[in-house]
There are 2 protein chains.
Amino acid sequence: MRHASKPVGLTAVAAQDLVSQIARSLTEAIVSGQLPPGSKVAEAAVARELGVSRAPVREAGRLLESQGLLVTHPGRGFFVRAHSPEDIDDLYDLRICIEKHAAVLAARRLTPEGAQALRRQLAVLDAAAQGHDPAAQVEEDYRLHRLICEMSGNRRLLRLFDDLSSELRIVIGLIGRLYDDPQRIADTHKPLLDAIESGDDARIAAAVEFHLGDAWRGVAGLVRAMPADPRGGHR
Amino acid sequence: MRHASKPVGLTAVAAQDLVSQIARSLTEAIVSGQLPPGSKVAEAAVARELGVSRAPVREAGRLLESQGLLVTHPGRGFFVRAHSPEDIDDLYDLRICIEKHAAVLAARRLTPEGAQALRRQLAVLDAAAQGHDPAAQVEEDYRLHRLICEMSGNRRLLRLFDDLSSELRIVIGLIGRLYDDPQRIADTHKPLLDAIESGDDARIAAAVEFHLGDAWRGVAGLVRAMPADPRGGHR
DNA sequence: AAAACGTCGACTGTCGACAGTTTTGAATTG
DNA sequence: CAATTCAAAACTGTCGACAGTCGACGTTTT
């Protein structure tokens, strides 16, 4: 065998097309608050602005709808979803439910490398918190939780986590800096990792409940205190 | 205001339901096994057959993709999703997780009317089982479980249940008659309802785990015994 | 004969256009 | 002056068309 006939793997060029790109662009605009909840997302305007036709924009809209970022009013188009306080409660309730499960599963299959990866991510999160970079903080927090879900070994669960996250991002993004206190980050995340390493189901459940419950209360409080959304929850 | 200028809402016939209609049509074809897992779903063919253009077909495809019924290979189009045994495991694992939670929540908010509704649905399910109508059995079983999720009061959870159900329906549909034994239906569902009425969290959890674990084992066994899928799990 | 190459056909991804409907905004009326 | 009516503008849902891409098949090369 002389020539390396096929071996040399170059970087697999992402064929992924316009739709994902548009979806990302829209998501950005939504979580950044540029497109506030309840506001209309006109296909033509988006298409014009991005220099594409309406077809891929429509598909991106469908995609974001399935992710809970947009809603469709038949004949009227897409609107940025406005989450009611009850929606937030539902989201966090469900999130606690599945993250509890994920953490238990992750603990069961935990390897030394896995534990190390978790510790490392916690360190990154702490650094972001110390650095007072709200955006990075939210991002690294998300990564830590996602890592746990990844370690659960249940891919469907991971997909659900991603869905819930993108929904929550609308809210979190609006609130802006939520987790101000670096100390609080450590106080709630460290016990969670300790619990996972202990392998004690009850302890893990308690830790998840405490940690996410804390976040829930924070978000719920801020949301309910927010300007009564100009373009309310429904219709 | 004299004339009813446009008022009297007749059947507010959903204007936009071409997409939903196509989606339903495709779903039907998939769960009925007419479109076997792994098979290609050509847009043009579907469009021609239904007498519509490709645009709404595409959107319906995206919708079904978000529901886990189809997968899309960039540049190649839609394919009926072929679930691997591991996918089934993931699905049931997740389902048990959320139904456990739903049942606990439902028990907490249970009203006499709610309990009665559950009993009634169980009776309908039993009747379908006695009648040896596999399709009706699956349908009524689904309704009972959905009712519990509805009673949880968490709408996001209900949506997730619907998503999981439509994914599972591919598998269940292929297997055909799964729950043959009417006795087994009663044996696993009745204790579940009893547990919910008792309000004992641990008992509820155990009941859900037993009931769905039973179904899980049944489905998993049949799936693994199936003809090694001609168009395998990935790529 | 096996592997690589080149061509052909089919299909996807994207676009611009059209009809019907909703929204906007102005003119009108009580 | 406020409410109503009506017409123009804008937008959605759908369609047909075109270019680029992917897979299959037959051909050439080693």
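None of these values were measured; they are calculated from a predicted model. Residue numbering restarts at 1 for every chain, and letters A, B, ... go by the order of the sequence lines.
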I22(A) atom CD1 is separated from dG13(C) atom P, nearest whole Å, by 13 Å
Rounded to whole Å, the CZ-P distance (F79(B) to dC11(C)) equals 12 Å
Establish, with yes or no, whether the OP1 or OP2 oxygen of dC11(D) is under 4.0 angstrom from a side-chain nitrogen or oxygen of R76(A).
no
What integer distance in Å separates E65(B):CD from dG13(C):P?
10 Å
Taking atom P of dT12(D) as reference, at what distance in whole Å does atom CZ of R62(A) sit?
13 Å
In terms of relative ring orientation, are H73(B) and F79(B) parallel, tilted or perpendicular, with 30° and 60° separating the classes?
tilted
Quick one: is R58(B) getting a side-chain N or O under 4.0 Å of the dG13(C) phosphate, OP1 or OP2?
yes
Please state whether the phosphate of dT12(C), meaning OP1 or OP2, lies under 4.0 angstrom from any side-chain nitrogen or oxygen of K40(B).
yes
Aromatic ring pairing W216(B)/Y92(B), orientation class (parallel under 30°, perpendicular over 60°, tilted between)
parallel
I need the CZ-C1' distance between R54(B) and dC11(C), as an integer number of Å.
7 Å
Atom-to-atom span, CD of E43(A) to C1' of dG16(C) - whole angstrom
14 Å
Whole angstrom value for the distance that separates C1' of dC15(C) from CD of E59(A):
13 Å
Heavy atoms of other groups near E49(A) CD, more than 12 under 6.0 Å
no
Those residues at least two apart in sequence (or on a different chain) that pass side chain to side chain donor-acceptor pair (under 3.5 Å) with Q121(B) are E140(B)
Rounding to an integer number of Å, can you tell me how far R48(A) CZ sits from dC15(C) C1'?
15 Å
Within the structure shown, what part of the strands sits under 4.0 Å from A42(A) by heavy-atom distance: base, sugar-phosphate, or nothing?
sugar-phosphate
